[in-house]
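The block underneath contains the structure these notes are about, expressed in structure tokens.
Worth knowing before you read on, the calculation uses all heavy atoms, side chains too, and leaves out hydrogens, waters and symmetry mates. Proteins come first, then strands; the chains are lettered A, B, ... in the order of their sequence lines, and each starts at number 1.
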Amino acid sequence: MRYSQTLLPTLKETPAEAEVISHRLMLRAGFIRKLTAGVYTYMPIGLAAIRKVENIVREEMNRAGAQELLMPMVQPADLWVETGRYEKYGPELLRFRDRHDRESCLGPTHEEVITDIARKELHSYRNLPINLYQIQTKFRDEIRPRFGLMRGREFIMKDAYSFDVSDEAAGLSYQKMFDAYKRIFTRCGLSFRAVQADSGAIGGSFSHEFMVLADTGEDTIVVCKNCEYAANMEKAVVKLVPVNHEAAPGQMEKIETPGKRKVDAVCDFLGIEPRQLVKTMVFKADGKPVGVLVRGDREVEEVKLKNLLGAADIELADDKEVFDATGVPTGYLGPVGVDLRIVADQEVAAMQNFYVGGNEKNYHLKNVNLGRDFQVEAVADLRQITTDDPCPECGGKLETTEGIEVGHVFKLGTGYSESMNATFQDKDGQSKHFVMGCYGIGVSRIVAAAIEQNHDDKGIIFPVPLAPYTVIIVNLGGSDETINSAAEKLYQDLMAAGLEVLLDDRDERPGFKFKDADLLGIPYRVTVGKSFKENGMMEIKHRRDGVVEELTPEDTIGRLKTAIFAQLTN
RNA sequence: CGGGGCGUAGCGCAGCCUGGUUAGCGCGCCUGCCUUGGGAGCAGGAGGCCGUAGGUUCGAAUCCUACCGCCCCGACCA
């Protein structure tokens, strides 16, 4: 492509709307332009990068035996009512009525549509297993879109759905996708990690997320330094460390704690450690108050709580709501004798003679024991894991890092096939529900994640497989015909060699062109200018490490071909 | 939705507090000259319902009210 004829509007200054690096660079490099909150136009060069990702995804999906199809973006509400998700999905599902007043929605995901296809078209075990996928634009009316392509409302996703005869067979399909995902992200040149995850609104029993490691990640993941264990913080199982109960249960006692509401203040005042205290947090589970007990130095993990309660929505209650629900001001709430639904973290159940709020302003209770002094509805793992906790698999040391979720694989089981009555006839003539799996990849997000992971202060540094162009020729010839025709010939030759080349033929000064080349992140830059005029040499500069090579035109072509194709084959 | 902030030329901003001529600056854009290995220089030029609506006032970008949009922090997720 000739730069002079391309819509490639680079910006010297960063638009004020952009905060994170990938968003800033994509705006500056002319990859995207915002239409409205969370909705972007992919400009030509941005689309080129997206296509690179799509093609890698497509190749690997096909290699794994999946078949591509394309489902509608507009979906009838009826299908969603069948699975109960029309209620459950919430405001993220954009709903509207068509001219016939039919309830419709924009597809945020396609389990319903694909299951409908399956029940209509797949009748026999002979059709199975099958894995169908699409690469399509999704719409989720996110509460707060942010970070450019990282969390848009409209985004491109690859979603795949597998159908199997049995749980065991579904496990195989799952593993196949898991392996394909590893290949995909490896080919994209990303540094990533597969982690155990919560299955969220999609539902299902078992899932892994693929996380690109980057500081701007929206998720925290815990990783074992010793074994292969890695999990989303939300999901990471806390392994209860046994404690020895040496002390005999003491007499419960009311003690005065004037004005001491916060855990630290109470502990300072009483001369105790936060680990000896149990705090009572009030959450609203679908609007209804629930008390949650955790040790004073722990944090409640809302996702675990949500799963335990089977709630669609969990929110921490504010001071007023706590008072309304219990009649106790925050800071003095406790489980003893309170009229509130209470659940406890497993750690609390193992504690003895602890301190809790006294359900009365300025009072706490000491020597409290679960079971003797109060009862709870459930005991479960409800707190956030910390790096002090042992690895749940091997007991090793854990560490945390930030991650961007670029892929998610789920074992769905028969939830959708049952609610939509999607069955096939098995060998024995019996009707059975499909055992399903679903597998998503955030295609547009990958481009953003790749930039988060590959940039410097000058701009983007694309991994070769994702680069919209692999070579940029900077022609500094001006009016010099010798140089111009050499640059032109190189352009033609490189294209003939199968490379994607951008020829900077603009009437601009050298510095201007170099800055743009750096910003765009094209892996190899060839400068044709003075040194070609003087001794017939061209200069290759590697974007990533700044290495410079002076070569003849023939060697330049050879060198680029070798280098680029080497990075494309895996 | 809760908390914070912002809407003035294509982009980045100043002006607003303390109302008063023709609304500025940098970048970009157009014309010409000049320059050509790291975002040059000179000269000329185009481009503004000051987010929208209402109010206060002799007079509003500036003060007041409402609305709309956008960004950042939390709940959501590929």
Side-chain angles (χ1 to χ4, degrees), chain A residues 9-20 23 27-28 33-39 53 57 89-93 108-110 135-160 181 197-202 207 209-212 217-219 232 234 283-284 302-303 306 312-316 318 404-410 438-446 448-449 458-459 474-480 483 506-519 525 527-534 539 541 548:
Chain A
T10 56
L11 264 22
K12 244 188 248 188
E13 286 173 295
T14 308
E17 70 186 55
E19 192 77 357
V20 301
H23 189 194
L27 247 17
R28 283 194 55 207
R33 287 294 183 258
K34 187 177 68 185
L35 212 216
T36 181
V39 178
V53 176
V57 168
Y89 214 92
E92 221 180 288
L93 180 65
T109 175
H110 284 71
I135 296 175
Q136 209 233 28
T137 295
K138 302 282 197 237
F139 192 93
R140 296 184 186 173
D141 200 356
E142 297 279 347
I143 302 164
R144 183 152 90 87
R146 61 183 136 178
F147 302 159
L149 293 196
M150 207 92 93
R151 174 170 299 286
R153 292 194 295 165
E154 195 176 288
F155 59 99
I156 298 172
M157 180 171 160
K158 186 284 305 179
D159 49 325
Y181 274 35
D198 184 71
S199 47
I202 307 284
S207 85
E209 287 168 339
F210 287 79
M211 295 286 195
V212 165
E218 294 186 277
D219 290 273
N232 194 307
E234 303 172 341
F283 285 85
K284 291 180 294 175
E302 296 187 19
V303 171
K306 187 170 169 177
D313 182 53
I314 287 283
E315 200 181 339
L316 189 62
D318 62 27
I404 299 166
E405 184 186 356
V406 290
H408 204 155
V409 293
F410 301 82
C438 84
Y439 317 93
I441 289 182
V443 171
S444 42
R445 182 182 278 182
I446 283 180
K458 299 194 193 87
V474 175
N475 175 11
L476 299 181
S479 54
D480 186 310
I483 296 176
R506 293 174 300 172
D507 181 22
E508 293 290 353
R509 299 167 58 81
F512 200 92
K513 295 187 176 186
F514 290 145
K515 291 288 185 190
D516 271 341
D518 288 342
L519 177 61
R525 184 186 87 195
T527 307
V528 186
K530 212 180 282 175
S531 50
F532 181 78
K533 185 82 169 171
E534 284 161 5
E539 176 197 289
K541 185 165 185 181
V548 172

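Looking only at distances, no side-chain donor or acceptor of A:Y439 sits under 3.5 Å from a matching main-chain atom of A:K158. A donor-acceptor pair under 3.5 Å links the side-chain atoms of A:R33 to the main chain of A:L27, judged by distance alone. Looking only at distances, no side-chain donor or acceptor of A:K533 sits under 3.5 Å from a matching main-chain atom of A:I483.
Of the nucleotides present, B:G5 is the one that pairs with B:C70 by Watson-Crick or G-U wobble criteria, both distances under 3.5 Å. Across all strands shown, B:C76 remains unpaired; no Watson-Crick or G-U wobble contact has both distances below 3.5 Å. Across all strands shown, B:U35 remains unpaired; no Watson-Crick or G-U wobble contact has both distances below 3.5 Å. Pair assignment for B:U57: none, as no Watson-Crick or G-U wobble contacts are both less than 3.5 Å. Across every strand in view, B:C11 sits in a pair with B:G26 that passes the Watson-Crick or G-U test at under 3.5 angstrom.
Neither OP1 nor OP2 of B:G12 sits under 4.0 Å from any side-chain N or O of A:K12. Dashed line: the shortest gap from a side-chain N or O of A:K306 to OP1 or OP2 of B:C76 is under 4.0 Å. Residue A:R509 has a polar side-chain atom (N or O) positioned under 4.0 Å from OP1 or OP2 of B:A40. Residue A:K34 places at least one side-chain N or O under 4.0 Å from the OP1 or OP2 atom of B:C71. Residue A:K138 places no side-chain N or O under 4.0 Å from the OP1 or OP2 atom of B:A78.
Across all strands shown, A:E142 has heavy atoms under 4.0 Å from base atoms, whether or not it also approaches the sugar-phosphate. When heavy atoms are screened at a 4.0 angstrom cut-off, A:D219 is found touching base atoms of the nucleic acid. Nucleic acid contact for A:S531: base, since at least one base atom lies under 4.0 Å from a heavy atom of the residue. Counting non-hydrogen atoms under 4.0 angstrom, A:I441 reaches the backbone sugars and phosphates but no base. Residue contacts for A:G477: at a heavy-atom cut-off of 4.0 Å it reaches no nucleic acid atom on any strand shown. Within the nucleic acid shown, A:G440 has no heavy atom closer than 4.0 Å to any nucleic acid atom. Counting any heavy atom pair closer than 4.0 Å across all strands shown, A:R153 reaches no nucleic acid atom.
Interface remark: the A:E508 side chain does not form any donor-acceptor pair with the B:G39 base, using a distance-only criterion of under 3.5 Å. Looking at A:T36, its side chain has no donor and acceptor atom pair within 3.5 Å of the base of B:G69. A donor and an acceptor atom never sit less than 3.5 Å apart when one is taken from the side chain of A:R144 and the other from the base of B:C76. For a distance-only test at 3.5 Å, the side chain of A:R28 fails to qualify as a donor-acceptor partner of the base of B:G12. With hydrogens and angles ignored, no donor-acceptor pair under 3.5 angstrom links the side chain of A:R140 to the base of B:C77. A donor and an acceptor atom sit less than 3.5 Å apart, one in the side chain of A:K541 and one in the base of B:G38. Contact of A:E13 with B:G28 (side chain to base): no donor-acceptor pair of N or O atoms is detected under 3.5 Å.
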message: Let's go through A:R146 and A:E218 carefully: what are the C-alpha distance in whole Å and the side-chain angles of both, what is the deciding distance for salt bridge (charged side-chain N to carboxylate O under 4.0 Å, His left out) to 0.1 Å, and is it a yes or a no?
response: CA-CA 11 Å; A:R146 61 183 136 178; A:E218 294 186 277; 3.5 Å; yes
task: Decide yes or no on salt bridge (charged side-chain N to carboxylate O under 4.0 Å, His left out) for A:K138 and A:E154, but give the supporting numbers first.
output: CA-CA 6 Å; A:K138 302 282 197 237; A:E154 195 176 288; over 6 Å; no
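Atom CD in A:E234 sits about 14 Å away from atom P in B:G74, given to the nearest Å. Rounded to a whole Å, the NZ atom of A:K158 is 16 Å from the C1' atom of B:C77. Look at CG on A:L27: it is 18 Å from P on B:G28, rounded to the nearest Å.
If you take atom P in B:C29 and the same atom in B:A40, they sit 11 Å apart, rounded to whole Å. Look at the P atom in both B:A23 and B:C67: the space between them is 32 Å, to the nearest Å.
Taking every side-chain heavy atom of A:F147 into account, B:C73 is the closest of B:A78, B:G39, B:C73. Listed nucleotides: B:G39, B:G37, B:G38. Nearest to the side chain of A:F512: B:G39. Taking only side-chain atoms of A:P15, from C-beta outward, the nucleotide of B:A78, B:A75, B:C11 with the closest atom is B:C11. For A:R146, whose side chain is taken as the heavy atoms from C-beta onward, the closest listed nucleotide among B:G74, B:A78, B:G37 is B:G74.
Sequence order on RNA chain B of the closest nucleotides to A:F532 and A:R445 puts A:F532 first from the 5' end. Heavy-atom nearest nucleotides on RNA chain B were determined for A:G38 and for A:E209, and the one closer to the 5' end corresponds to A:G38.
A salt bridge (charged side-chain N to carboxylate O under 4.0 Å, His left out) with A:D516 is found for exactly one of A:R506, A:R28, A:K12, namely A:R506.
For A:R525 against A:D518, the heavy-atom pair with the smallest separation is NH1-OD1, 4.1 Å.
Taking CD from A:E539 and OG from A:S531, the interatomic distance works out to 6.5 Å, rounded to the nearest 0.5 Å.
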